[in-house]
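Just so it is clear: chains get the letters A, B, ... in the order the sequence lines come, proteins before strands, and each one is counted from 1.
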Amino acid sequence: MNIGYPCINRSLGCTASHTFRLRSYSSARLFETVRANLLCLRRVLEFNRENNLLFFRVTSDLVPFASHPVCADPWPEAFAAEFSSLGALIKNSTMRISMHPDQFTLINSPDADIFRRSAAELNYHALVLDLLGLDLTAKIQIHGGGVYGDKSKSLDRFCRRFERLNKKIRRRLVVENDDRQYTVADCLQISRRTGIPVLFDSFHHQLNSNGEDVAGAMGMAAATWGKRDGPPMVDYSSQKKGERSGSHTESIDLRDFAAFITAAGSLDFDIMLEIKDKEKSALLARNFLAKVKRI
DNA sequence: AGGTGTCAAGCGTCC
DNA sequence: GGACGCTTGACACCT
C-alpha cells in the first residue's frame with residue numbers, strides 16, 4: 001500500500017502551481033512559470049521519495065492555460081527533457097502518480113462546447129503523464145459530471161462521449177464517486193459500459209451512497225481495476241468538526257483512519273489523503289500503517 | 001509590505 | 001435570476 005497526498009507540499013516553501021492572469025499571458029511568462037513549477041515539482045518528488053510517500057497527485061496547474069486557445073507555445077518540446085528526467089525519478093522510486101482535473105471538466109455536459117473544452121483539458125493531463133513516461137497505472141480521475149435533470153440520460157451521455165475521447169485519455173481515465181450526485185453504484189454502471197476503473201472515495205461514499213458498507217463498495221470498485229491499471233486508487237478524508245458537511249478535515253483523525261483501514265480488510269490499494277495539512281498527515285498515516293504492518 | 005478583490009472554465013442549491 | 005460553494009490558492013492591484 002502506498003500513501004499519498006494531493007498537489008501541494010506545505011513544508012518545502014515552494015509550489016508547483018504558480019499561475020498568472022490570462023491577460024498577463026506571454027510566451028516568456030509561460031516558460032518562466034512552467035520552469036519554476038517543474039523545479040518545485042522535483043523538490044516535492046524528492047521529499048516524497050525520502051519520506052516513503054510513494055503516491056502523489058500532480059497539480060493541474062503545472063502548465064497554466066495549457067488547454068486554453070491562448071496557449072500556442074511549444075512547452076511540451078521545450079520541457080521534454082525535464083519531464084523525462086522527473087519521470088525517471090518517479091519510476092526509480094516506484095512512485096505512483098495521479099491527476100485530477102477540476103470541476104470544469106465535464107464530458108457529459110449537453111453543451112458540445114463544454115465537452116470540447118473538457119476533452120482539450122483531458123488531453124493536456126494525458127500529455128503530462130505521457131511526457132513523464134509513466135505506464136498506465138498513472139491515472140486521471142474525473143467525476144460523473146452534471147445530472148441535468150435526468151441522471152440516467154446523463155450517465156448514458158458520459159459513456160457515449162467517453163468513446164469519442166482520444167485513446168491516450170481513455171486508457172488513463174478513471175471515474176470517482178462524488179459527494180452529491182454520482183454514487184459508487186452509478187460509477188460501477190459507467191465502468192461496466194466503458195471498461196474504465198472506479199476510484200473509491202471514502203468520504204464521498206459516507207455522504208452519498210446507496211447504503212452499501214465501506215468494504216462492499218470498496219470491493220466492487222477494486223474489482224474494476226485490471227492488471228495494467230495497477231492496484232486500485234482510493235481517496236480518503238474525514239469531516240472537519242463543526243463545519244458544513246463535506247468539508248475536509250484540517251488534520252488526519254487517526255481513530256477514523258484506523259477504522260477505515262480495518263473496514264478495508266485485506267484489500268490491496270493505494271490511498272490518497274485529501275487532508276488540508278497534506279504531507280504532515282500523510283506522514284502520520286505512514287507511521288500508523290508501519291505499526292500495524294500494512295506497509 | 002501587507003491587505004484584499006478577483007480569477008478561464010460549470011454544476012446544483014439556496015435565496 | 002443572482003450569489004455561492006466547490007481541496008480555493010495564488011495573482012495583481014490597492015493602500
Side-chain angles (χ1 to χ4, degrees), chain A residues 4-10 12-26 29-30 32-34 36-37 40-41 44 56-72 98-125 141-151 153-155 157-158 161 176-183 186 199 201-204 206-208 234-240 243-252 271-282:
Chain A
Y5 61 99
C7 306
I8 293 169
N9 181 303
R10 297 210 183 278
L12 289 175
C14 77
T15 91
S17 34
H18 287 290
T19 180
F20 48 85
R21 295 291 183 255
L22 182 55
R23 65 176 176 276
S24 340
Y25 191 98
S26 71
R29 187 73 189 268
L30 180 78
E32 164 193 320
T33 305
V34 174
N37 283 345
C40 179
L41 180 59
V44 175
F56 185 65
R57 184 181 299 162
V58 170
T59 174
S60 299
D61 291 333
L62 199 63
V63 182
F65 306 105
S67 72
H68 192 281
V70 77
C71 181
S98 68
M99 293 186 83
H100 192 351
D102 67 27
Q103 69 269 29
F104 306 108
T105 303
L106 295 157
I107 68 170
N108 77 342
S109 171
D111 182 331
D113 218 44
I114 292 174
F115 171 65
R116 191 186 50 74
R117 284 197 292 270
S118 296
E121 182 69 359
L122 289 169
N123 262 324
Y124 153 64
H125 283 76
Q141 59 189 97
I142 61 168
H143 294 294
V147 168
Y148 312 101
D150 187 333
K151 192 191 264 184
K153 277 207 177 88
S154 297
L155 203 144
R157 199 179 316 104
F158 184 107
R161 288 283 187 61
E176 174 194 355
N177 57 306
D178 67 77
D179 58 344
R180 316 199 72 89
Q181 285 141 197
Y182 291 85
T183 61
D186 298 327
L199 191 154
D201 185 307
S202 69
F203 190 36
H204 292 164
Q206 254 179 59
L207 299 164
N208 180 30
V234 168
D235 282 357
Y236 167 85
S237 188
S238 64
Q239 177 65 40
K240 180 171 181 180
E243 284 284 316
R244 195 194 65 263
S245 165
S247 99
H248 289 219
T249 186
E250 207 57 48
S251 178
I252 192 165
I271 186 163
M272 177 68 62
L273 303 177
E274 295 191 318
I275 294 175
K276 296 217 172 108
D277 68 2
K278 308 284 180 181
E279 78 286 354
K280 200 171 152 203
S281 282

Taking only side-chain nitrogens and oxygens of [X], does any of them come within less than 4.0 Å of OP1 or OP2 of [N]?
| X | N | result |
| --- | --- | --- |
| Arg116(A) | dA9(B) | no |
| Thr15(A) | dA10(C) | yes |
| Thr105(A) | dA9(B) | no |
| Ser237(A) | dT7(C) | no |
| Ser67(A) | dA8(B) | no |

When you get a sec, tell me which of [options] is the closest nucleotide to the side chain of [X]?
| X | options | value |
| --- | --- | --- |
| His18(A) | dT7(C), dA8(B), dC11(C) | dC11(C) |
| Arg29(A) | dA12(C), dC11(B), dA8(B) | dA12(C) |
| Asp102(A) | dT7(C), dA8(B), dA9(B) | dA9(B) |
| Arg10(A) | dT7(C), dG9(C), dA12(C) | dG9(C) |
| Arg23(A) | dG12(B), dC13(C), dT7(C) | dC13(C) |

Ring-base stacking, Phe104(A) with dG10(B) (5.5 Å, 30° cut-offs):
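Stacking between Phe104(A) and dG10(B): absent.
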What distance, rounded to whole Å, do you find between the two [atom1] atoms, one in [N] and one in [M]?
| N | M | atom1 | value |
| --- | --- | --- | --- |
| dA3(C) | dC7(B) | P | 13 Å |
| dT7(C) | dT13(B) | P | 15 Å |
| dA8(B) | dC13(C) | P | 12 Å |
| dA12(C) | dT8(C) | P | 22 Å |
| dC4(C) | dG5(B) | P | 12 Å |

Assess whether one donor atom and one acceptor atom, taken from the side chain of Arg21(A) and the base of dT6(B), lie less than 3.5 Å apart.
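Pair found.
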Within the modelled atom types, does a donor on one side and an acceptor on the other bring the side chain of Lys278(A) and the base of dT7(C) under 3.5 Å apart?
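Looking at the base of dT7(C), it does pair with a donor or acceptor on the side chain of Lys278(A) (distance under 3.5 Å).
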Would you mind reading off the distance between [X] atom [atom1] and [N] atom [atom2], rounded to a whole angstrom?
| X | N | atom1 | atom2 | result |
| --- | --- | --- | --- | --- |
| His68(A) | dG10(B) | NE2 | P | 11 Å |
| Asp179(A) | dG12(B) | CG | P | 13 Å |
| Leu207(A) | dT7(C) | CG | C1' | 14 Å |
| Tyr182(A) | dC11(B) | OH | C1' | 11 Å |
| Phe115(A) | dC11(B) | CZ | P | 14 Å |
| Ile114(A) | dA9(B) | CD1 | P | 11 Å |
| Arg180(A) | dT13(B) | CZ | P | 7 Å |

Rounded to the nearest 0.5 Å, what separates atom [atom1] in [X] from atom [atom2] in [Y]?
| X | Y | atom1 | atom2 | result |
| --- | --- | --- | --- | --- |
| Asp235(A) | Ile275(A) | CG | CD1 | 11.0 Å |
| Met272(A) | Arg57(A) | CE | CZ | 5.0 Å |
| Ser60(A) | Tyr124(A) | OG | OH | 6.0 Å |

How would you label the contact of [X] with the nucleic acid (heavy atoms, under 4.0 Å): base, sugar-phosphate, or nothing?
| X | value |
| --- | --- |
| Val147(A) | sugar-phosphate |
| Asp61(A) | nothing |
| Glu274(A) | nothing |
| Tyr148(A) | sugar-phosphate |
| Ser17(A) | sugar-phosphate |

With DNA chain C as reference, determine whether Ser24(A) or Pro6(A) sits nearer its 5' end, using the nearest nucleotide of each.
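The answer here is Pro6(A).
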Earlier contact from the 5' end, DNA chain C, for Ile8(A) and Leu22(A):
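Comparing both residues, the 5'-ward one is Ile8(A).
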Ignoring hydrogens and angles, state whether a donor on the side chain of Glu274(A) or Ser237(A) is under 3.5 Å from an acceptor on the partner side chain.
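There is no such pair (donor and acceptor under 3.5 Å, judged by atom type) between the side chains of Glu274(A) and Ser237(A).
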Any side-chain donor near an acceptor of the partner, Asp179(A) and Gln206(A), under 3.5 Å
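No pair is found: no donor N or O on one side chain lies under 3.5 Å from an acceptor on the other.
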Would you mind pulling out the nucleotide paired to dA9(B), Watson-Crick or G-U wobble, both distances under 3.5 Å?
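Check on dA9(B): unpaired, no WC or wobble geometry under 3.5 Å.
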With side-chain contact (heavy atoms from CB on, under 4.5 Å) as the test, pick out the partner of His143(A) among Gln181(A), Gln103(A), His204(A).
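Among the candidates, only His204(A) passes.
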Between the side chains of Arg10(A) and Asp277(A), is the shortest nitrogen-to-carboxylate-oxygen separation below 4.0 Å, so that they form an ion pair?
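Not counted as a salt bridge, because no side-chain N and carboxylate O are separated by less than 4.0 Å.
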